[in-house]
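Before any comments, here is the structure.
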Amino acid sequence: MALPQLRDWLLAPYSEHHSHSTIHFHRRMLIVSGKDKFCDTTVIDIHKYAAESSDLTVTLFTGDKLKGKNRKKVLGSESDIAILDCRGLFKPGDVMAVSGTVKQGGCLVLICPTLDTWPQNVPVSFVSHGFTLDYSRYLNRFIKRLRNDTNVAFLSEMLNRLPSIQHYKVDNKSQETYRGSLFQSQEQEHAYSQLCQAYSLQKLNAVVTAPRGRGKSSLLGLFIQKLLRDGKRVLLTSELFENVKNVMARIDEHGYADGLATESSGKSNKLSHQARSPQEGFVKWVPPDSELLYNAGSDEKKYDIIIVDEAASIPLPVVSNIITHNSQWILSTTMLGYEGSGSGFLHKLMPRLHNVSLFLELTTPLRWFENDPIETFFNQTCLFETENSDNETSLPALNNAFSENAKPSKQYTNALAEDWSFTISSFEDISESALVQVMSLLSLAHYQTTPDDFMRLMDSADILIATLMSNDRVVCAAVINIEGAKQLEGIAVAIAAGKRRPKGHLGAQRLTLLSANPNAATHQYWRINRIAVNTAIQSRGIGSKLIEKIVFEAYKHNIDGLCTSYGTTRALDNFWARNKFEIVDYGRKPNKASGETSALAVLPLKSKVKSLVADLIALRDSFTSTMTITHLPNIVIDVYDKKLLEFTSATRPLDDVLPILNKIACQAGSTKIKSNVPSASREARKRLLLVAELFNQQLELKEALKCSNKTIEPLFEVLKANGIKDATQLLRNDLKSVYSN
């Protein structure tokens with residue numbers, strides 16, 4: 001049978017022959033590749049063909065239009081044909097986002113360069129300073145999987161592979177449409193019933209999860225409708241209003257909205273959206289920073305329930321705070337989407353939730369049919385298809401080596417030596433099976449792991465992957481970044497002064513900036529970026545065993561030191577301390593996603609890094625020490641002085657010197673300089689004492705700086721500053737009388 005032409009192939013599901021029949025078709029994916037002229041002409045043709053039917057919608061996306069939060073706005077849109085131009089920029093998350101907008105029977109069109117040359121010419125933003133990307137392993141794998149998938153259609157100047165439309169025919173026997181009056185599936189109706197029952201008992205603390213296209217938004221809309229009919233008041237929040245457009249549209253569809261009036265809400269002056277029912281039920285959308293979410297009970301008319309949609313995209317502390325302040329709530333989040341794995345969100349949040357009365361998971365696809373070829377392709381290719389990595393029965397040797405409570409036994413050590421394998425390599429050298437397992441572990445262990453992360457890991461030349469395996473199963477994995485050394489030698493001085501912040505080298509840069517010592521940038525580090533252990537066997541010493549192997553390997557590769565940066569908790573601090581890492585700095589700003597402040601820990605392997613660590617620990621301890629400026633070690637005084645000079649010279653930010661200014665304000669006093677202090681340090685102490693005297697003359701400023709380790713607001717008030725930039729400039733002007741050079 002001859003292959004159909006592009007027009008006939010695109011429009012086949014909407015033809016007169018099929019549109020009024022019971023025959024349904026899966027969504028399709030078409031790859032258009034070649035030179036720009038051919039690709040541009042094809043895009044024009046697709047729009048022209050679609051225009052022949054007034055009912056068809058075509059949307060064109062580009063990488064530039066999907067940057068930042070714009071990508072998240074795609075959530076609420078739908079198209080019959082969605083076109084993504086990948087020639088200028090390619091991100092797996094963009095492709096997954098756009099693919100989720102394609103409706104039943106529709107088509108996802110990817111516009112690509114010539115496939116054979118594409119992996120050699122892909123622009124990316126994640127390559128670390130001093131490294132290059134000559135060939136994208138990720139794209140090579142992506143293209144191979146496209147070519148091997150018989151469901152994918154291709155169109156180029158040299159190739160026309162358009163499978164027969166019958167190839168996409170849906171098995172109607174397994175795709176019976178649910179015929180409930182309001183619901184699209186029995187699963188959705190059952191979830192609705194459970195929400196209603198829990199609410200009627202005043203015990204609705206629910207978590208609702210679903211992959212994209214499962215009717216989660218529709219379920220929330222139906223439930224809110226029921227509350228409105230009962231005259232209830234609902235407060236709805238999400239990171240962006242676009243995330244809940246489908247929810248609000250469902251409410252509006254049944255006549256409960258009054259034009260979605262808008263009003264300012266919260267400190268950010270973002271818009272809120274509201275809808276009212278004839279029975280005076282009321283629903284309002286507000287951004288996550290709205291004060292209403294924390295004072296819902298004290299509003300003029302109390303809100304009866306809080307609903308947080310797309311909760312995985314909101315920082316964990318914000319979500320925790322919202323549910324703490326409200327008696328009835330629903331957390332709803334997408335799983336396995338372009339924005340990341342909701343699994344990590346659940347593993348981080350669920351242990352904090354002690355009062356969940358209902359956990360609902362929607363699995364039946366509604367926007368497309370079961371066994372959808374596009375969804376299957378991207379879940380497998382982007383490695384977001386859940387691996388059964390928690391199945392303890394697949395690890396018999398491991399389970400036998402441990403008791404329930406755990407410290408590693410001698411039996412375990414012997415088993416590791418004889419039956420377990422350790423590897424460390426680039427992502428290029430690990431098998432497909434191991435690759436799937438590693439990404440599954442990382443997705444479960446880390447909040448908001450995204451498809452874009454996978455591309456960065458595969459294609460970054462500065463990344464290694466270390467694994468422990470038992471019976472061909474990865475039980476522990478660590479991602480390692482190669483940092484410092486020759487890549488930073490030419491800009492080490494600028495990094496130490498805060499003048500340069502090159503891409504990547506996060507550990508090396510932070511150590512250099514903290515110490516104000518250019519030599520710190522020239523040491524060779526391995527930074528343990530992520531570490532994940534199979535969740536079934538955590539807290540049994542396996543992570544420590546992997547680190548032990550990494551340390552041994554680092555010595556063999558002549559590495560100067562290992563480092564790691566992580567969200568600090570008592571358990572993690574203890575874990576790294578047990579593995580002989582020393583914490584040299586605690587961050588001051590909580591991570592927006594996790595709410596945890598970061599800790600930077602180092603394991604020195606050579607004397608030069610041991611010396612660096614000793615200096616940094618002295619610097620760290622000086623901020624809590626009762627010693628005055630006249631008694632602090634010379635190395636600490638010199639770093640204080642150097643950083644304040646760089647701050648005044650506008651190369652170092654206020655955040656970097658606030659601990660120093662706080663220390664000086666708390667310990668200000670006019671003591672004499674010791675005669676045995678070397679001249680350089682003596683001059684530095686004199687300058688610091690002049691700063692202290694400056695603060696003594698401005699008592700309000702001094703008191704504000706003494707509070708700056710807890711809150712910066714008093715400093716803004718004293719300086720009459722409009723934000724951090726204004727306060728920085730005013731303080732720099734004050735210090736110029738001391739650091740005039």
Side-chain angles (χ1 to χ4, degrees), residues 31-36 39 62-64 66-67 84-95 110-148 154 156 158 381-383 423-432 434-436 438-439 442 450-467 478-491 495 500-509 521-522 524-527 529-530 553 557-559:
I31 308 301
V32 178
S33 64
K35 296 179 181 178
D36 286 345
C39 291
T62 64
D64 286 339
L66 294 171
K67 284 183 177 178
L84 175 61
D85 192 337
C86 303
R87 289 174 292 176
L89 183 66
F90 175 82
K91 288 186 176 181
D94 288 351
V95 186
L110 302 185
I111 308 298
C112 311
T114 303
L115 296 183
D116 289 339
T117 62
W118 192 14
Q120 302 164 30
N121 300 283
V122 54
V124 295
S125 59
F126 51 72
V127 178
S128 296
H129 183 86
F131 293 90
T132 58
L133 174 61
D134 299 320
Y135 189 84
S136 171
R137 297 191 292 266
Y138 183 93
L139 263 181
N140 180 56
R141 178 179 178 273
F142 183 79
I143 292 167
K144 280 183 179 178
R145 295 183 74 88
L146 285 173
R147 285 172 165 162
N148 292 334
F154 289 88
S156 70
M158 303 297 294
T381 301
C382 297
L383 298 190
T423 60
I424 186 166
S425 66
S426 72
F427 270 83
E428 182 180 21
D429 296 325
I430 67 174
S431 68
E432 179 71 17
L435 192 64
V436 172
V438 166
M439 288 306 298
L442 294 177
T450 71
D452 294 341
D453 291 336
F454 178 30
M455 183 175 185
R456 178 178 56 79
L457 292 175
M458 279 199 74
D459 282 348
S460 294
D462 58 326
I463 287 182
L464 301 172
I465 181 72
T467 61
V479 176
I480 300 169
N481 287 73
I482 303 168
E483 298 188 352
K486 62 181 181 180
Q487 280 81 11
L488 299 184
E489 284 178 355
I491 55 174
I495 293 172
R500 289 287 304 272
R501 295 203 175 185
K503 194 176 294 295
H505 303 275
L506 300 183
Q509 285 198 73
T522 65
Q524 180 79 77
Y525 306 96
W526 276 1
R527 176 170 62 90
N529 184 350
R530 301 183 181 193
E553 200 70 21
H557 284 77
N558 203 30
I559 302 301

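Values in this document were obtained by computation on a predicted structure and should not be read as measured data.
Proximity of I480 to I424: side-chain heavy atoms (C-beta onward) are separated by under 4.5 Å at one or more points. Put simply, the side chain of V32 does not reach to within 4.5 Å of the side chain of C112, judged on heavy atoms. Side chains of Y138 and C382 form a contact here, defined as non-hydrogen atoms less than 4.5 Å apart. Looking at R527 and I482, their side chains never come closer than 4.5 Å, going by heavy atoms from C-beta outward. P123 places none of its side-chain heavy atoms less than 4.5 Å from the side chain of F90. Counting heavy atoms from C-beta on, the side chains of I495 and P502 come closer than 4.5 Å. Contact of the L457 side chain with the V479 side chain is registered, since non-hydrogen atoms from C-beta on lie closer than 4.5 Å.
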Discussion item. Walk me through whether T467 and I430 qualify under side chain to side chain contact (heavy atoms under 4.5 Å, CB included).
Written reply: CA-CA 10 Å; T467 61; I430 67 174; 5.8 Å; no
Discussion item. Between M458 and L435, does the side chain to side chain contact (heavy atoms under 4.5 Å, CB included) criterion hold? Intermediate values first, please.
Written reply: CA-CA 10 Å; M458 279 199 74; L435 192 64; 4.3 Å; yes
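For the atom pair CZ of F142 and CZ of F454, the computed distance is 11.5 Å after rounding to the nearest 0.5 Å. The distance from atom OG of S426 to atom CG of L464, rounded to the nearest 0.5 Å, is 7.5 Å. Atom CG in N529 sits 6.5 Å away from atom CD1 in I463 (nearest 0.5 Å). Summarising the geometry, atom CG belonging to L146 is positioned 7.0 Å from atom CG belonging to L110; distances are rounded to the nearest 0.5 Å. Here the CG atom belonging to L66 is positioned 9.0 Å from the CG atom belonging to L89, to the nearest 0.5 angstrom. Atom CG of D94 and atom OG1 of T62 lie 9.0 Å apart (nearest 0.5 Å).
Salt bridge annotation for E432-R145: present, with a cationic side-chain nitrogen under 4.0 angstrom from a carboxylate oxygen. Taking a cutoff of 4.0 Å between a charged side-chain nitrogen and a carboxylate oxygen, K91 and D453 do not qualify as a salt bridge.
Between Q524 and A485, the closest heavy-atom pair is OE1-CB, 3.4 Å. Between M455 and P92 the shortest heavy-atom distance is SD-CD, 3.6 Å. The two residues D116 and P119 make their nearest non-hydrogen contact at O-CD, 4.2 Å. Closest approach of T381 and R141 over heavy atoms only: O-NH1, 2.7 Å.
Counting only distance, with no hydrogens or angles, the side chain of S431 and the backbone of A434 share a donor-acceptor pair below 3.5 Å. Remark: the backbone N or O of L506 is paired with a side-chain donor or acceptor of E483 at under 3.5 angstrom. Using a distance-only test at 3.5 Å, with no hydrogens or angles considered, no donor-acceptor pair links the side chain of R456 to the main chain of S125. Judged purely by atom type and a 3.5 angstrom limit, D459 has no side-chain atom pairing as donor or acceptor with the backbone of S136. Between the D85 side chain and the R87 main chain, a donor and an acceptor come within less than 3.5 Å of each other. Between the side chain of N121 and the main chain of T117, a donor-acceptor pair closer than 3.5 Å is present. With hydrogens and angles disregarded, a donor-acceptor distance shorter than 3.5 Å links the side chain of Q509 to the backbone of G504.
There is no side-chain donor-acceptor pair under 3.5 Å between S33 and T114.
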Donor-acceptor pairs under 3.5 Å, side chain of residues 128-135 to any protein atom, not counting sequence neighbours: which ones?
residue : atom : partner : partner atom : Å
S128    : OG   : D462    : OD2          : 2.8
Y135    : OH   : N140    : OD1          : 3.1

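The aromatic rings of W526 and H557 lie tilted to each other, with the angle between the two planes from 30° to 60°.
The ring pair (Phe, Tyr, Trp, His ring centres under 6.0 Å) search around F427 returns none, not counting sequence neighbours.
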